[in-house]
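In what follows, chains carry the letters A, B, and so on, assigned in the order in which the sequence lines appear, proteins first and then strands, with residues in each chain numbered from 1. Just so it is clear, the structure is predicted and the values come from calculations on it, not from any experiment.
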2 protein chains.
Amino acid sequence: MTIVDSAEELGRRDRKKLETRAALEHAALTLVAERGLAAVTVEDIAEAVDVSSRTFFNYFPSKEDALIGSHQASAAELCARLDAVPARVPVLEALRLMARAEAEHVQEQRERWLLRLKVFEQNPSLLPRLVASGSETERAVTAAVARRAGVEPGTSGYPELATAAAMAAFRVAMLRWSAAGGRPSLPGLVDEAFGQLAAGLPNP
Amino acid sequence: MTIVDSAEELGRRDRKKLETRAALEHAALTLVAERGLAAVTVEDIAEAVDVSSRTFFNYFPSKEDALIGSHQASAAELCARLDAVPARVPVLEALRLMARAEAEHVQEQRERWLLRLKVFEQNPSLLPRLVASGSETERAVTAAVARRAGVEPGTSGYPELATAAAMAAFRVAMLRWSAAGGRPSLPGLVDEAFGQLAAGLPNP
DNA sequence: TGAAACATTGCAGACCCTGAAATTTTTCCT
DNA sequence: AGGAAAAATTTCAGGGTCTGCAATGTTTCA
């Protein structure tokens with residue numbers, strides 16, 4: 001949405017850049033879905049888009065990053081969503097709202113994400129990166145949680161745990177959604193996971 | 001402990017293998033702690049132990065794996081611990097006991113683990129691998145949880161979520177322990193994290 | 001001791017990723 | 001339109017990771 005909207009305000013150059021980036025991403029996803037991660041080289045991907053391999057690395061720092069894509073919510077975006085929730089709302093509830101918003105964002109790009117998740121399932125080495133466990137996003141969200149909870153980071157462990165648990169809930173919801181072919185409502189699955197968390201993970 | 005015990009029943013060959021493996025692990029950890037992950041090559045590590053780089057790859061499939069080490073509880077071991085807990089104990093409580101046992105195991109190798117965790121903190125790209133994100137261990141534990149909870153895996157999402165949350169709790173406890181220089185009791189920190197989980201992560 | 005089993009090594013090679021310089025394309029200004 | 005400035009792409013060179021394969025040692029056991 002953001003991309004499409006702003007694309008019309010961009011010059012030819014930046015439009016082409018976005019196109020190339022999207023094409024590389026798409027080629028990477030489809031090729032890896034077909035052959036598996038190990039059987040696809042960067043050169044394959046670059047050739048499918050008809051650019052040099054060096055150009056690929058101008059867009060993505062690694063082969064994996066092309067699969068993860070830039071669709072990932074940026075740390076700043078997630079934190080902004082979190083900060084937008086009134087302070088009286090409990091932390092876990094605020095995290096749930098953040099995750100819901102992200103889930104709706106994902107559902108808007110159904111096909112793309114279902115393909116991506118299929119690739120992730122078939123290549124488990126990519127799984128940890130889901131939801132940006134790059135520890136950059138996690139760190140930022142953790143800091144935002146610490147602010148909200150009124151706790152100094154690094155002492156109680158609460159912000160770290162709440163953030164990690166929320167990420168886990170989101171990841172589980174995404175994988176269930178994917179496993180069910182994208183049939184159920186993703187925000188619904190997110191709510192369900194957060195509900196179990198809030199209830200203290202009682203026996204089902 | 002397992003290693004030391006069984007070492008005396010092994011022949012010279014296997015004893016030397018364990019020695020070489022441990023030496024490579026130790027060299028990798030100390031070198032990376034000194035210079036950082038990117039500034040240490042496999043050849044550096046191999047040379048420090050006086051073997052060829054090719055031999056390094058006979059022991060570890062990648063540079064990172066030498067840092068993670070084989071001290072990680074194997075999937076089978078973790079599941080065995082989980083299965084050993086009486087069935088009437090709630091799932092989360094059983095996971096807590098499993099994590100505690102693992103924590104005690106870690107504390108027995110204090111220095112080694114503190115060095116490892118220091119390296120992990122300084123090289124965040126390694127963090128996702130902590131607690132066996134190999135998704136092999138996670139899968140096995142998830143299956144054990146599903147069995148215990150009497151749920152068919154892949155439908156409710158409960159086993160996946162409970163496992164992921166437990167792993168997160170363990171990871172947070174480990175990092176807090178490391179950040180505090182290994183002063184607090186690791187099992188205590190684990191208990192604390194699981195306590196917060198069981199309480200539904202209420203605002204602190 | 002001799003043979004089988006196994007560990008180590010050197011070598012060739014594919015692949016990943018980076019820096020720097022050369023080339024082409026796009027933009028912008030007159 | 002014309003041409004200079006800016007930016008993207010490409011080529012090239014090179015270091016690092018990791019894998020087969022064949023050769024060479026070393027350990028084990030009969």
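The K63(B) side chain lies nearest to dT17(D) when the options are dT10(D), dT17(D), dC17(C). Here the side chain of R54(B) is nearest to one of dT10(D), dG20(D), dT17(D), namely dG20(D). Here the side chain of T20(A) is nearest to one of dC18(D), dT9(D), dT8(C), namely dT9(D).
One atom, CZ of F60(A), and another, C1' of dA8(D), lie 15 Å apart when rounded to the nearest Å. Atom P of nucleotide dA8(D) and atom CD of E19(A) are separated by 15 Å, given to the nearest angstrom. Put simply, CG on N58(B) is 14 Å from C1' on dC11(C), counting in whole angstrom units. Put simply, CZ on R15(B) is 16 Å from C1' on dA7(C), counting in whole angstrom units. Taking atom CG of residue D44(B) and atom C1' of nucleotide dT17(D), one finds them 13 Å apart after rounding to whole Å. For D65(A) and dC16(C), the CG to C1' distance is 13 Å, given to the nearest whole Å. Taking atom CG of L31(A) as the reference point, atom P of dC15(C) lies 14 Å away to the nearest angstrom. Remark: P of dA8(D) and CG of D14(A) are 8 Å apart, rounded to the nearest angstrom.
Between the side chains of E138(B) and T163(B), no donor-acceptor pair is found at a separation under 3.5 Å.
The residue S62(B) sits close only to the backbone: its heavy atoms come under 4.0 Å of sugar-phosphate atoms, none of a base.
OP1 or OP2 of dT9(C) has at least one side-chain nitrogen or oxygen of T55(B) nearer than 4.0 Å. Look at K16(A) and you won't find any side-chain N or O under 4.0 angstrom from OP1 or OP2 of dT25(C). At the phosphate of dA8(D), neither OP1 nor OP2 sits under 4.0 Å from any side-chain N or O atom of Y59(A).
Side-chain contact between I68(A) and F120(A): present, with at least one pair of heavy atoms (C-beta onward) separated by less than 4.5 Å.
Comment: R81(A) engages E102(A) in a salt bridge, judged by a side-chain N to carboxylate O separation of less than 4.0 angstrom.
Taking a 6.0 Å sphere around CD of E152(B), one finds it holds 12 or fewer heavy atoms contributed by other residues, nucleotides or ligands.
The residue among F57(B) and K17(A) whose nearest nucleotide of DNA chain D lies closer to the 5′ end is K17(A).
Put simply, the side chain of R148(B) never gets that close to the backbone of V91(B): no donor and acceptor are under 3.5 Å apart.
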